[in-house]
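Working notes, structure below.
The first residue in the sequence is number 1, and the count goes up from there.
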Amino acid sequence: MVAQLPIQPGTTVRAAHIALPLDPLENRVLLCHATGLTRVQLITQAERPLTDDEAAHLNALVRRRLAGEPIAYIVGTREFFGLDFQVSDAVLIPRPDTELIVELALERLPQQGRLLDMGTGSGAIAVAVAHTRPDAAVTALDVSAAALAVAQANATNNDARVRFLQSDWFAALAPDETFDLIASNPPYIAAGDEHLSQGDLRFEPSGALTDFADGLSALRIIIDGAQARLVKGAWLLLEHGYDQAAAVRALLEKQGYTEVQSWRDLGGIERVSGGRAPL
């Protein structure tokens, strides 16, 4: 596949699209990024030749992808919940599975409710909720200053009003501050899990993927501390690994949460579990 590179200056847009060694969707994304053309313009300007700079840029992008770097990091953006999000290697790439927790939060957040997104990363959950529900007071926290800078940019670019705090979980919150819903997609991959050395995960920030323990330590911290931060009857919603639903439900029940349950993503996997703070 690599033998088809480099794409030479003067190659038409159509010919470059055909010659690139990735799958058609990735070829199109990188070609659009290198040329500045839209998807429609790739068709309407199919016979336009690539300039020297465009060909060089395209070849560099494709080599990065062939080395395994995620497309989202290469082009710097990813669509999530119908919005464009900036991404960098300081944050996880937003994934479609996480849209489930946004939908669940939107269904359960009361009008003018206060939502806390813990470990916000790119701001995907907080920004999606704030954009959809401008009446809500959304707070998002993360221990990483670099991640918060990305999240703030995403809030600004999507006209979403979010308060951001640099915080090690609950530490930076005011002592008496409470919320009508807490949502989190925390690190939940166990240390040593083989998936950490495979695919896109090789390039993503390890501290946002794994708790460097059994995969449940961050979830325990949130579950144990959330009751003091939730108004009575408010929901705690947690995204977790494909095989962790039963363990998370048990942790919630142990702490006295009610209506404990799990919800399945589009792939049929129990992806989010939650419960309500006792009345």
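- Taking all atoms of both residues into account, the shortest heavy-atom contact from Tyr188 to Gln244 is O-NE2, 2.9 Å.
- We find that Asp214 and Arg220 are joined by a salt bridge, their nearest charged nitrogen and carboxylate oxygen being less than 4.0 Å apart.
- Taking CD1 from Ile101 and CD1 from Ile125, the interatomic distance works out to 4.5 Å, rounded to the nearest 0.5 Å.
- Remark: Arg271 CZ to Leu266 CG distance equals 11.0 Å, nearest 0.5 Å.
- Hydrophobic clustering keeps Leu173 apart from Val138 (ILVMFWY residues linked when any side-chain heavy atoms are closer than 4.5 Å, directly or through intermediates).
- Residue Ile269 shares its hydrophobic cluster (ILVMFWY side chains chained together at separations under 4.5 Å) with Tyr242.
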Just distance, no hydrogens or angles: give the donor-acceptor pairs under 3.5 Å from side chains in residues 82-91, sequence neighbours left out.
{"unit_1": "Ser88", "atom_1": "OG", "unit_2": "Ala90", "atom_2": "N", "d": "3.1"}

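- With side-chain heavy atoms closer than 4.5 Å counting as contact, directly or through intermediates, Ile43 stands alone and belongs to no larger hydrophobic cluster.
- Ile71 contributes atom CD1, which lies 5.0 Å from atom CZ of Arg65 (distance to the nearest 0.5 angstrom).
- One side chain, Arg249 or Ser262, offers a donor N or O that lies under 3.5 Å from an acceptor on the other.
- Within the model, atoms CH2 of Trp169 and CG of Leu141 stand 7.5 Å from one another, a figure rounded to the nearest 0.5 Å.
- Remark: the Gln261 side chain and the Ser273 side chain contain no N/O donor-acceptor pair separated by less than 3.5 Å.
- To the nearest 0.5 Å, the span separating CG on Leu58 from NE2 on His17 amounts to 10.5 Å.
- Criterion: ILVMFWY side-chain heavy atoms under 4.5 Å apart, direct or through other members. Under it, Leu61 and Leu20 are part of a common hydrophobic cluster.
- In the model, Gln166 has no side-chain atom that pairs as donor or acceptor with a side-chain atom of Asp142 under 3.5 Å.
- Thr139 and Arg163 form a side-chain donor-acceptor contact under 3.5 Å, judged by distance and modelled atom types alone.
- Checked by atom type and distance alone, the side chain of Arg161 never pairs as donor or acceptor with a backbone atom of His131 at under 3.5 Å.
- Atom CG of Leu238 and atom CG of Asn185 lie 9.5 Å apart (nearest 0.5 Å).
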